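All remarks here apply to the structure that follows.
In this text the structure is predicted, and so the values were computed from the model without any measurement.
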Amino acid sequence: MIEDVFRTHLKESKIFSNRDALSPHFVPDTLPNRERQIEELSRTLAPILSGRKPENVFIYGKTGVGKTAVTRYVLRKLEDFAKEHEIPVKGIYINCRIHDSRHRVLMKVADALFPGENFLGLSTTHIYDRILSRVSEKGLRLIVVLDEIDKLKGISETVYALNRANDELERGSISIIGISNNLTFKESLDARTKSTLCQKEMIFPPYNAEELRRILEQRAQIAFKKGAVDPSAIALAAAYAAKQSGDARYALALLLRAGELAEEENAERVTEDHVRKARERVEEDIVLDMIKTLPQQEQIVLLALARLISARKGIRKLGEGETVITSGELFEAYVKTAKELGVSPVSDRWFREYISELDTYGIIRATPAGKGFRGNTRVIRLNIPADKVLKVLEGMDLA
DNA sequence: AATCCACAGGAATGGTTGGCAG
DNA sequence: CTGCCAACCATTCCTGTGGATT
């Protein structure tokens with residue numbers, strides 16, 4: 001039994017040749033549809049080669065439009081070129097969601113400059129001084145990339161510290177590239193930080209369906225065996241993703257899932273049908289992911305709803321096909337469920353607020369009941385299979 | 001037609017929390 | 001570290017609405 005599971009993984013895939021190419025972290029040799037941005041960023045950074053400090057750059061655009069990929073790509077090319085000409089250029093990529101304070105950012109920079117050394121427990125100023133002396137001594141030209149910079153606490157201090165270094169340095173320089181997908185983020189910065197960070201600004205527009213198609217085709221060539229994927233399947237995945245705000249990551253996830261489905265079915269090739277099914281799965285995954293991070297009370301509401309629905313399926317009401325639940329019924333069930341979990345339930349008013357919120361998230365659908373129901377109430381449906389919701393929520397600790 | 005029921009959702013208000021200047 | 005303000009969660013109270021009931 002278990003051996004069978006392992007064995008299927010030994011067997012060579014008929015579909016994939018290198019599925020990593022569909023991973024969001026994969027940086028391909030060329031980035032289609034981003035030639036302009038690549039050129040612009042390269043031009044901005046190029047002065048570093050002649051020893052001048054390039055402008056700090058602030059990049060923004062929605063998720064999955066290639067901000068990180070372009071930055072990493074340009075940085076890699078720049079480092080390669082600099083190396084050939086023996087110019088000490090170094091790029092350091094930092095994800096601020098993980099390294100979310102000034103101290104952690106500086107630690108990360110120090111880690112990159114002193115491989116193998118441990119900076120745990122050292123003060124911020126100490127680390128800062130070490131960085132400065134190393135940069136100065138080697139004449140290093142650093143480019144620090146702060147990805148998801150909106151997640152960084154103490155942005156002004158961090159930006160200020162890194163930027164101030166340039167005044168204290170005799171040799172070398174430190175430049176900053178900030179990346180954000182929050183379009184309103186820039187306005188929330190104080191004036192000084194804004195002018196420092198946004199010396200140069202770049203906006204990445206979302207991809208349209210045609211651009212997404214080209215991206216997918218390129219990746220598919222690496223990821224799939226020859227002829228293992230229908231061109232129409234790629235076009236469909238691109239179209240879906242374009243509708244979904246032009247997110248290339250979503251498009252890639254879609255194609256990956258489609259490939260996995262085809263493999264599970266032992267199909268010869270990935271078809272439009274696989275993409276359609278994959279979309280359901282991907283969307284479901286997104287929703288289930290979302291459920292995991294919902295406020296506790298909303299999770300309990302969902303749990304109560306899922307239980308109600310699956311309980312009714314067993315009884316199989318005669319006549320009416322779909323199981324329908326009114327908000328009053330659900331409120332009772334919710335109160336009961338909450339008490340069972342040892343959580344005090346909220347008032348009916350807030351319960352209704354939660355229902356509306358879950359509705360706007362698209363997890364449930366609450367529509368006016370109309371005829372056949374007493375009074376002015378809403379009927380509530382779950383937009384995803386109840387058993388999946390149960391599986392996710394019952395696996396969690398809701399108390 | 002009048003009344004009742006079962007809720008929807010706005011407004012005022014109070015307790016918590018979390019970021020931030022001092 | 002402290003105190004403050006804002007944002008957020010939650011309750012209470014309230015008015016409105018639409019169909020069922022009498």
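With sequence neighbours excluded, the residues satisfying side chain to side chain donor-acceptor pair (under 3.5 Å) with Arg349(A) are Glu353(A). The side chain to side chain donor-acceptor pair (under 3.5 Å) search around Asp285(A) returns Arg257(A), not counting sequence neighbours. Scanning for side chain to side chain donor-acceptor pair (under 3.5 Å) contacts around Tyr160(A) gives an empty result, with sequence neighbours left out. Shown here are the side chain to side chain donor-acceptor pair (under 3.5 Å) partners of Asp359(A), two or more places apart in sequence or in another chain: there are none.
In this structure, Phe16(A) belongs to a hydrophobic cluster whose other members, linked by side-chain heavy atoms under 4.5 Å apart, are Ile15(A), Leu22(A), Leu216(A), Phe224(A), Val229(A), Ile234(A), Leu252(A), Leu255(A), Leu256(A), Val270(A).
Screening residues 383-393 of chain A for side chain to side chain donor-acceptor pair (under 3.5 Å) gives Glu284(A)-Lys388(A), Arg365(A)-Asn383(A) as the qualifying pairs, with residues at least two apart or on separate chains. The side chain to side chain donor-acceptor pair (under 3.5 Å) pairs that include a residue from residues 222-244 of chain A are Glu12(A)-Lys225(A), Asp230(A)-Arg269(A), Ser232(A)-Glu272(A), where partners are two or more places apart or lie in different chains.
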Listed pairs, N/O of protein and of nucleotides 9-15 of chain B, under 3.5 Å:
{"from": "dG9(B)", "atom 1": "OP2", "to": "Arg378(A)", "atom 2": "NH1", "distance (Å)": "3.2"}
{"from": "dG9(B)", "atom 1": "N7", "to": "Arg349(A)", "atom 2": "NE", "distance (Å)": "3.3"}
{"from": "dG9(B)", "atom 1": "N7", "to": "Arg352(A)", "atom 2": "NE", "distance (Å)": "3.2"}
{"from": "dG9(B)", "atom 1": "N7", "to": "Arg352(A)", "atom 2": "NH2", "distance (Å)": "3.3"}
{"from": "dG9(B)", "atom 1": "O6", "to": "Arg352(A)", "atom 2": "NH2", "distance (Å)": "3.0"}
{"from": "dG10(B)", "atom 1": "N7", "to": "Arg349(A)", "atom 2": "NH2", "distance (Å)": "3.0"}
{"from": "dG10(B)", "atom 1": "O6", "to": "Arg349(A)", "atom 2": "NE", "distance (Å)": "2.8"}

Tabulated below should be each protein N or O lying under 3.5 Å from an N or O of nucleotides 2-7 of chain C; please produce it.
none

Polar pairs (N or O, both sides) under 3.5 Å between protein and nucleotides 16-22 of chain B?
none

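Here Arg276(A) pairs with Asp273(A) in a salt bridge; the nearest charged N to carboxylate O distance falls below 4.0 Å.
Counting to the nearest Å, the C1' atom of dC8(C) and the CH2 atom of Trp350(A) are 8 Å from each other.
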Sugar-phosphate means primed atoms, P, OP1 and OP2; the rest is base. With that split, encode nucleotides 15-22 of chain C 5' to 3' as B, S or - using protein heavy atoms under 4.0 Å. -BBBSSS-

Side-chain donor-acceptor pairs under 3.5 Å in residues 89-96 of chain A, sequence neighbours left out?
{"from": "Tyr93(A)", "atom 1": "OH", "to": "Asp147(A)", "atom 2": "OD2", "distance (Å)": "2.5"}
{"from": "Asn95(A)", "atom 1": "OD1", "to": "Arg97(A)", "atom 2": "N", "distance (Å)": "2.8"}
{"from": "Asn95(A)", "atom 1": "ND2", "to": "Glu148(A)", "atom 2": "OE2", "distance (Å)": "3.3"}

